Each structure stands twice: as structure tokens, then as C-alpha cells.
Amino acid sequence: TSVCDAMAMARIRRLDTSVSNRIAAGEVVQRPSSALKEVLENSLDAGSTQISVSVKDGGHKVLLVQDNGHGIACEDLAILCERHTTSKLVRFEDLEDMHTLGFRGEALSSISFVAHLTVTTMTEHDKHAWKVTYNQGKMEDDGPKPCAGVLGTTILVEDLFYNVPTRRKALKSPSEEYGRILDVISKYAVLKHGVSFTCKKQGQNKPDLQSLGRGTRLDAIRAIFGTQTAKSMVEFDGTMEMGENDKTDASCRYEGYISNANYVGKKTNFLLYINERMVECSPMKRAIENIYSAVLPKASKPFVVLVLSLPPSHVDVNLHPTKREVGFLHQDELIEEICKRLEASLFVSNDTRIFRSAMRDAQIDTMLGVNPSQLAAGNEEVDALGNSSPTAQLEVSTQRAKAGGDHKLVRTDARIPLGSLDKFIKRPKRLASSITLEVDPSSTPVEVQDEEVQVDQHANLSRAVRQKPNPSQPSELSSVQELLCEVNKNSHKGLLEVLRNHTYVGMADGSLALVQHQTKLYLLDMETLSRDMMYQQVLRRFEHFNKIQFSIPAPLKELLLLGLDEEEEKGNWSTEDGSKVELANLSVKILLEKAAMLAEYFGIDIDSQGNLLAIPMVIDEYVPDWFNLPSFVLSIVRDVDWKEEKTCFQSVARCIAEFYRVSTRGVSLPTGSTEALSPLCRNEEEFLWTMQHVLFPAMRAFLLPPCGRERDGSVVQVA
């Protein structure tokens with residue numbers, strides 16, 4: 001009764017402004033990733049071409065977004081975080097012709113009500129940047145302060161939901177929230193493939209996500225979601241006339257990429273963009289999933305990127321507080337048309353299928369040269385598909401039991417390549433690429449297989465590394481002998497014992513590898529250790545290099561321009577440093593002057609027209625990451641001291657070592673690469689195989705680990 005009396009006595013009252021603002025902020029900013037989405041949209045609306053994101057504790061503690069857009073005028077900073085202040089529209093009718101991602105004027109206001117917000121901005125007309133902090137939608141009393149800065153805006157969000165403990169407790173773990181942040185950035189990187197995005201955890205040097213900001217949308221998919229996903233993509237597009245029976249005649253343009261029947265995904269990836277806006281549409285997603293259900297296995301899900309261009313007057317963007325959903329006219333007709341086009345493109349691309357597990361037994365029988373019919377005749381427990389029955393499996397388990405258990409079974413050792421299972425598997429030959437390896441100056445060049453090298457050749461690679469020792473007599477030049485003496489004196493005996501007698505376990509993540517020595521497990525940074533090994537090998541093979549020869553000469557000028565583009569993206573070059581073309585021409589001139597020395601001592605061949613013809617083979621049967629070739633050519637000019645002999649040889653050796661070090665980036669080519677490099681990309685399978693059978697045997701034979709590697713994280717005992 002008391003409750004009913006209280007309800008009857010309750011009066012309607014106006015909420016306090018701070019209460020209503022915090023309630024509204026909860027609709028817009030639901031978690032760190034939603035705050036990031038709002039800030040990213042503001043950066044894109046500002047014309048940014050480079051956006052960098054730094055995160056701490058999944059965005060709970062720190063969320064830092066920096067862009068190079070046109071910035072915010074100092075006069076506008078006073079009302080920047082007030083509700084419904086925006087530069088995107090003036091009248092309500094402007095919503096019918098909206099071309100920006102944001103328009104409500106609630107993003108920064110909402111963030112300032114649930115976090116500590118700091119804005120640093122600079123326009124092209126400002127002589128310095130302005131820094132200002134906001135609390136509860138209001139600028140702090142001290143106002144904007146002048147500070148050093150660069151063109152663009154930096155948004156710093158700290159202690160998100162510090163005043164909303166219930167929302168803060170409801171957030172997931174920092175790693176899961178960080179995954180949501182990466183997902184948001186990935187989707188925008190595909191949408192705005194002309195914008196460079198980077199995202200990393202605060203304190204890390206290497207970003208967890210990076211897009212180059214150039215190339216096509218497929219290049220962005222490759223950079224963000226991987227080469228295997230990009231290989232499975234099929235492009236489709238079309239146009240649809242809408243509103244034929246009413247007065248809203250207009251056309252809709254759609255384009256995108258869909259995964260073919262060989263793509264395997266654990267969940268549906270549906271990236272939908274309408275008028276350059278990332279949105280969701282459940283009916284369209286269900287319709288697409290229904291189409292794929294007739295093609296894909298039950299556990300596999302598709303990957304679809306769809307970009308729609310509709311007349312702005314046909315789209316209602318003011319439908320959801322976070323702009324996650326939009327309404328548009330003729331939705332059912334448009335979904336039907338897109339699904340028809342998608343289905344036609346999907347079935348046209350379905351000429352070949354890969355069944356990874358169903359054909360396992362038959363494939364192994366073929367590779368081993370065994371006739372499946374003979375097996376079936378000799379064993380009634382094998383069915384027509386080559387799959388063993390429970391009886392056959394029982395016999396196998398009985399044999400294992402007879403051996404005394406798993407610990408009695410014979411195992412192979414990575415140090416004995418002849419014991420590798422690869423030796424007994426034969427795979428069909430593939431057509432070779434146009435790249436040749438000049439194994440010996442007097443011998444006939446042999447062809448390098450493209451992507452999948454024959455396994456019987458692979459089985460001998462690790463033997464080849466040991467059977468081709470370094471020259472017995474090093475160079476007679478005193479400077480080279482001094483450098484080799486320094487390498488020998490600086491080696492760490494304890495690490496040398498680990499690397500000489502380790503057992504390879506596998507790749508842990510990226511360029512980190514696991515090895516076992518006696519009863520201890522070590523994590524090796526192969527990027528650092530391979531750089532050390534390559535540097536030492538350059539000194540040992542000085543004047544005695546075999547060569548990797550290009551069948552199509554690579555123009556030095558084009559490589560240098562690509563290298564300068566990469567330096568510009570890293571912030572190491574600006575227009576004040578001079579014209580790229582002039583720098584490239586000057587660099588080519590320097591390389592032509594040093595061509596004879598580079599060819600004689602280091603195996604780098606350059607012709608008189610300024611083309612790169614060959615590079616040294618530092619480790620037998622190993623080719624470097626071709627992505628780094630432009631940077632390598634640029635470093636030869638920029639980082640080498642040509643005046644003093646010892647310093648010159650040392651700096652060239654370090655440039656070559658940096659080029660040949662282990663890198664996980666070389667799985668596809670950047671846009672604009674020279675035609676000569678196109679056959680040289682490596683896939684993941686080949687990379688992992690090369691690590692185990694080429695680099696690790698070479699490291700066991702050649703590397704003298706320098707002192708200090710036991711302290712800098714290059715070799716870490718993990719168990």
C-alpha cells in the first residue's frame with residue numbers, strides 16, 4: 001500500500017541538466033569502442049588522411065586519437081563539447097542531403113560527461129596548437145592554452161565511465177574491449193581505404209593494426225584481414241533503378257566483394273556501408289546468409305563487403321542514437337536485387353572447390369604413391385571414401401598399446417632432416433616463376449618455384465645449408481677481418497650452446513619462435529637474431545656471394561620513389577627535404593658510381609641504365625621479404641658512410657642484414673610495386689616451412705649470438 005501511495009503522490013518534475021546529459025551520454029557512449037567510433041567519424045569528416053589510435057587497458061584508462069585533419073578553430077573551442085553544437089548542418093532539412101558521418105553534435109559532449117576529455121588542435125592558419133580540457137560539457141576555467149603541436153586534432157579520453165560505476169563494471173575485460181576497438185578500426189579502414197589507420201596499445205612500438213592508406217579496397221582487405229581472405233574475394237557490382245512506380249525515380253549503385261565457396265570463416269563478416277556510412281541491416285544480412293547456406297558447409301560463414309550509394313534524400317540517417325542503423329526507401333526491392341546479383345557472382349566463381357578434410361586420406365595415398373584399391377582389397381575395414389572404420393582404428397590403438405604407450409613411440413628430431421616426414425611425400429610440380437637463382441657463376445641458372453615449391457626439394461634444403469659452408473678463407477681485406485674478429489669476441493657462449501643444440505618447437509606469434517634446450521623452453525625473437533646472423537654472413541661471404549638474379553630488371557628510381565613514399569608515411573620525409581624525384585635521381589647517380597664496388601664485394605649488380613639486376617644470396621635457399629626492397633635500396637644511399645673503408649663495409653652489411661631479416665609482412669605486394677617483384681610474394685605456409693627447414697638449421701650452423709641478447713628480450717626462458 002505504501003508503494004502505491006508513493007506512486008500516486010509522485011509528481012512530474014524537470015530533470016536536472018547534469019542528470020539528463022549523463023543519461024543521454026549513456027545512449028551514445030556505451031563502451032570504449034563506441035566512443036572511438038564517434039571520434040573517428042569526426043576525424044574523417046575533418047578530411048584526415050592519417051589517423052593514429054593508442055589504447056590503454058582496452059580503452060578504460062586511455063583512448064588517444066590523433067589525426068591530420070583541418071583542425072578546430074580556437075574560437076569554436078568554447079562550445080565544442082556543448083550538446084547539439086555541430087558544423088555539419090544548420091536546418092533540419094539539411095538531413096535530407098547529408099554527406100558527413102556526424103551531424104548530431106553529441107559525440108564529444110557525451111564523452112565529456114562520462115570521462116576526462118582533453119583536446120589539442122591546430123589549423124593551418126594557427127602559429128601554434130591549442131590545448132583545452134573539458135568536464136561535464138564545459139571548458140575548464142583556464143580556457144585554451146597555447147602549446148606545441150602539428151596540423152590536426154588530438155582527442156585524449158581518460159578514465160572512461162569514472163562517474164558511472166555500474167557501466168564500468170559491466171564492461172568486458174581489457175583484451176575483449178581492445179578487440180572491439182580493432183574491429184571498429186578495421187571496418188573503417190576498409191571503407192576509407194585511402195586513409196592510413198594505425199592502432200596499438202600504449203607503450204608498444206609495433207602497431208596491432210596498420211593500413212597503408214593507398215591502393216584499392218581489396219588491398220585494404222588484404223592488409224587488415226589477411227592474404228587468404230583477400231584471395232577468396234570475388235568482386236561484384238551493379239546498378240538498380242528504384243521508384244519506377246512513384247515520383248522518387250532514382251538509381252542505386254552497389255559494389256563490393258564476396259567470399260567464394262572456398263572461404264572458411266567461424267562467423268559471418270558482413271561489412272555494410274551506405275553512402276560512406278558504416279551501418280547494420282539485419283534483413284539484408286539474413287538474406288545473404290540464406291544464399292551461402294546452400295553453398296558453404298554448415299560450420300562455415302561468409303565474408304561480404306557491400307558498399308551502397310543511394311540518393312541522400314532516400315536515406316534517413318536520424319534513426320539511431322549512435323547512427324548504427326539507417327532507414328532507406330525501397331529496402332525490400334534493393335535487398336532482392338542485391339541478393340540476385342550476389343548469388344549469380346557466387347555461383348560463377350564456384351568452378352573449383354577445396355575440401356580440406358574430406359579428401360585427406362585419398363590425397364595422402366596419392367602423394368605416397370599407394371593405390372587405394374589395394375588398401376581396400378587388403379583391409380575390409382576401409383570404406384569407399386578411404387576412411388577407416390572403428391575396427392581399423394582399434395587396430396591402430398592396439399599397435400600403440402603394444403609399443404608401450406606414446407612415450408615409447410619413435411619421434412623425429414629437427415636436427416635430422418632425413419627423418420622429416422616431408423621426405424616421403426611427393427607433390428605434383430607447378431609452373432615455375434620468371435625469377436631465377438644464379439647458384440654458381442659458371443653454372444646454369446635454376447628456376448625458383450612460385451608459392452608452392454616441390455616438397456622433395458624442400459626435404460634437402462636444410463641439408464644444403466650445412467653442405468655449403470662459408471668460404472674457408474675470409475676476405476684478405478684487413479677491415480673485413482677486423483669486423484669478423486669483433487663478431488667472434490662479442491659472442492655469448494651460453495646462448496651459443498642453446499642455439500647450437502636446440503630442438504625447434506614452432507612459431508608462437510609473428511616472428512617469435514619456440515625452441516627447447518634440454519628441459520627448458522625458450523622464446524626467440526627471430527627478427528633480431530636473423531638480423532645478427534645475416535650481418536655475420538655478409539662478412540663471412542664477402543666477395544664470394546652467389547646471387548639472386550632478377551629476370552626482369554628492377555628500375556632503381558622506381559624503387560627509391562617507393563622507399564620515399566614509405567618514409568613519408570612514417571613521418572621521416574616532408575616536402576621541405578626536397579622533391580622526391582630529385583632525391584631519387586641523385587640517389588641513382590650515387591649508386592651508379594658505387595656499382596662496381598657493390599657488385600664485386602656484395603653481389604649487388606646494377607647496370608648502366610640504373611636497373612637492379614641481382615642481389616646477394618646471404619643464406620642458401622632463402623629469399624628476403626620483397627616488401628622491404630625499396631627501403632633497402634634507399635638505405636644503401638642514406639645510411640652508408642662511403643668515406644672510410646671499414647665503416648663503409650660495416651654499414652652496407654647492416655643494410656643487407658636489415659633487408660634479409662625475418663619479416664612476416666611479405667605475403668603480398670603493395671600497390672605500385674614494380675612488375676619485376678610480382679612473382680616473389682610468399683604465402684604463410686612457405687614462410688613457416690622456411691623458418692623450420694632453412695633459417696633454423698642455418699642459425700644453428702652460423703649464428704654467433706652477440707652479448708646482450710640475453711638481456712634485451714631476444715632470448716627469453718618461458719618454462
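All of these numbers come straight from a predicted model, not from anything done at the bench.
For the side-chain contact (heavy atoms from CB on, under 4.5 Å) test, residues two or more places apart in sequence or in another chain that qualify with E569 are L212, R214. The salt bridge (Lys or Arg N to Asp or Glu O under 4.0 Å) check on D183 picks up K187, with sequence neighbours excluded. Considering only residues two or more places apart in sequence or on other chains, S173 meets the side chain to side chain donor-acceptor pair (under 3.5 Å) condition with S175. By the side-chain contact (heavy atoms from CB on, under 4.5 Å) test, Q204 pairs with K201, D208, sequence neighbours left out. Take S475 and apply the side chain to side chain donor-acceptor pair (under 3.5 Å) test, not counting sequence neighbours, and it matches E543. Every side chain to side chain donor-acceptor pair (under 3.5 Å) that T528 has, sequence neighbours left out, goes to D525. Partners of Y601 under the ring pair (Phe, Tyr, Trp, His ring centres under 6.0 Å) rule, at least two apart in sequence or in another chain, are F542, F649. Scored by the ring pair (Phe, Tyr, Trp, His ring centres under 6.0 Å) test, F197 finds no partners at all (sequence neighbours excluded). Residues passing the ring pair (Phe, Tyr, Trp, His ring centres under 6.0 Å) test with Y660, sequence neighbours excluded: none. In terms of the side chain to side chain donor-acceptor pair (under 3.5 Å) criterion, residue partners of E527 (sequence neighbours excluded) are, by chain and number, R661. Every residue meeting the ring pair (Phe, Tyr, Trp, His ring centres under 6.0 Å) condition with F225, not counting sequence neighbours, appears here in chain and number order: F303. Residues satisfying the salt bridge (Lys or Arg N to Asp or Glu O under 4.0 Å) criterion with R709, sequence neighbours excluded, are D532, D712.
Only one option out of E497, H517, Q518, R700 pairs with H502 in a side-chain hydrogen bond (donor to acceptor under 3.5 Å, both in side chains); it is R700.
A heavy-atom distance below 4.5 Å is found between the side chains of L612 and L629.
Counting all heavy atoms, side chain and backbone alike, S714 lies closest to L529 at O-CD1, 4.3 Å.
In this structure, CD in Q717 is found 8.5 Å from CG in L521, a value given to the nearest 0.5 Å.
Around atom NZ of K172, no more than 12 heavy atoms belonging to other residues, nucleotides or ligands sit under 6.0 Å away.
Side-chain N/O atoms of E645 and S479 include a donor and acceptor closer than 3.5 Å.
Less than 6.0 angstrom separates the ring centroid of F550 from the ring centroid of W626.
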